[in-house]
**Q** 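Submitted below is the structure of interest, expressed as structure tokens.
Keep in mind that the numbers below use all heavy atoms, side chains included, and drop hydrogens, waters and symmetry copies. Predicted model, so just to flag it, every value in this text is computed and none were measured.
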Amino acid sequence: MKGSDLMSFKRTIQRALVAVSLLAPTTALAQAPGPGVAQILGQPVTGDTTWIVREERNGNVGLTWETAETNHVTVDLSCRASDRSLHMIYYVEPANARDGVEMQVTLASEGGAVELGMTGHRPEEGNAFYFLNIQTQMTPALARVLTTGPSLVIRIQGDGRATAIPLAGSAQGMAALVRVCGGG
């Protein structure tokens, strides 16, 4: 990717995050310990990939799986204290990616599996940047999936690919999400 394309991609990510963010300005930013390796669309993403925890003055909390050197975000989870809603954004380009299309996504770990209907979005026409999102409630089953085992596996039904994200280093943020969203 050329420098100008990379900058455009980063600006697009930043605009999308601002547009869908449910969180107020951050008062505490914690980086979960240790680098990790994720499998993104079958390709390993290495480097300083880690969970970033955001805790807000107003009680909102967020947790992002991000590669620091590239600002590549794979998953962003946030919980709004005012209505205890969980918002999940999954940055991926599935085979049938179209704006507004609902896709069945399975989240799985040693804690079980949960299916979610997530809606696809492409912020700008012709842009290669795409994400799926959902606003839902944190159920006990979803809380178990997010907090149990060595990794979280995300699969889009009919896509044939999976993303495996290490859960190491996510305990503080996941516990805060469960606490604020009420899924315990």
Side-chain angles (χ1 to χ4, degrees), residues 9-36 38 40 48-68 70-92 100 102-103 105-109 111-112 114-123 129-149 151-154 163 165-184:
F9 180 70
K10 285 182 178 181
R11 281 192 301 276
T12 302
I13 289 174
Q14 290 168 342
R15 283 194 303 269
L17 286 173
V18 169
V20 297
S21 175
L22 298 174
L23 299 173
T26 301
T27 58
L29 181 65
Q31 190 167 0
I40 310 299
D48 194 13
T49 306
T50 190
W51 288 101
I52 306 294
V53 181
R54 304 177 310 276
E55 294 187 70
E56 313 296 331
R57 283 189 293 267
N58 60 5
N60 296 347
V61 66
L63 184 62
T64 304
W65 177 252
E66 178 178 325
T67 304
T70 63
N71 293 326
H72 176 85
V73 174
T74 305
V75 174
D76 183 71
L77 302 163
S78 60
C79 192
R80 191 168 50 197
S82 62
D83 64 3
R84 300 175 72 104
S85 64
L86 174 70
H87 192 198
M88 177 181 170
I89 304 171
Y90 175 38
Y91 298 89
V92 64
E102 184 172 305
M103 297 182 192
V105 177
T106 302
L107 305 180
S109 73
V114 175
E115 258 194 44
L116 302 171
M118 299 182 75
T119 305
H121 298 279
R122 188 174 310 279
F129 176 68
Y130 187 83
F131 63 91
L132 297 168
N133 78 343
I134 187 171
Q135 184 171 332
T136 189
Q137 298 300 305
M138 176 77 77
T139 64
L142 181 54
R144 279 190 306 277
V145 167
L146 294 174
T147 59
T148 307
S151 63
L152 172 66
V153 177
I154 306 171
T163 302
I165 301 171
L167 288 174
S170 69
Q172 171 193 355
M174 292 297 187
L177 281 172
V178 171
R179 179 181 39 54
V180 172
C181 286

**Q** Mind checking side chain to side chain contact (heavy atoms under 4.5 Å, CB included) for Ala175 and listing every partner two or more places apart, or none if nothing turns up?
**A** none
**Q** Go through the structure and list residues passing side chain to side chain contact (heavy atoms under 4.5 Å, CB included) with Thr136, not counting sequence neighbours.
**A** Leu86, Ile134
**Q** Just to verify, what does Val75 make a side chain to side chain contact (heavy atoms under 4.5 Å, CB included) with, not counting sequence neighbours?
**A** Leu77, Met88, Tyr90, Ile154, Ile165
**Q** Would you indicate whether the side-chain heavy atoms of Val180 and Asn60 approach each other to under 4.5 Å?
**A** no
**Q** If you compare all heavy atoms of Cys181 against all heavy atoms of Ser85, which two are closest, and at what distance to 0.1 Å?
**A** SG-O, 3.9 Å
**Q** My understanding is that only residues two or more places apart in sequence, or in another chain, count here; which of them pass side-chain hydrogen bond (donor to acceptor under 3.5 Å, both in side chains) with Thr64?
**A** Arg54, Asp76
**Q** Could you tell me if the side chain of Gln172 sits less than 4.5 Å from the side chain of Trp51, heavy atoms only?
**A** no
**Q** Less than 4.5 Å apart, side chain to side chain, heavy atoms only: is that true for Val92 and Met118?
**A** no
**Q** Rounded to the nearest 0.5 Å, what separation is found between the CG atom of Leu146 and the OG atom of Ser170?
**A** 8.5 Å
**Q** For the residue pair His87 and Cys79, establish whether any side-chain heavy-atom pair is separated by less than 4.5 Å.
**A** no
**Q** Under the rule for side chain to side chain contact (heavy atoms under 4.5 Å, CB included), what residues qualify as partners of Ala141, not counting sequence neighbours?
**A** Val114, Thr139, Arg144
**Q** Is any side-chain heavy atom of Arg179 closer than 4.5 Å to one of Val61?
**A** no
**Q** With rounding to the nearest 0.5 angstrom, report the CZ to OG1 distance, Phe131 to Thr119.
**A** 10.0 Å
**Q** Output all residues satisfying salt bridge (Lys or Arg N to Asp or Glu O under 4.0 Å) with Arg84, sequence neighbours left out; order by chain, then residue number.
**A** none
**Q** For the residue pair Trp65 and Pro166, establish whether any side-chain heavy-atom pair is separated by less than 4.5 Å.
**A** yes
**Q** By side-chain hydrogen bond (donor to acceptor under 3.5 Å, both in side chains), which residues pair with Glu102, not counting sequence neighbours?
**A** Gln104
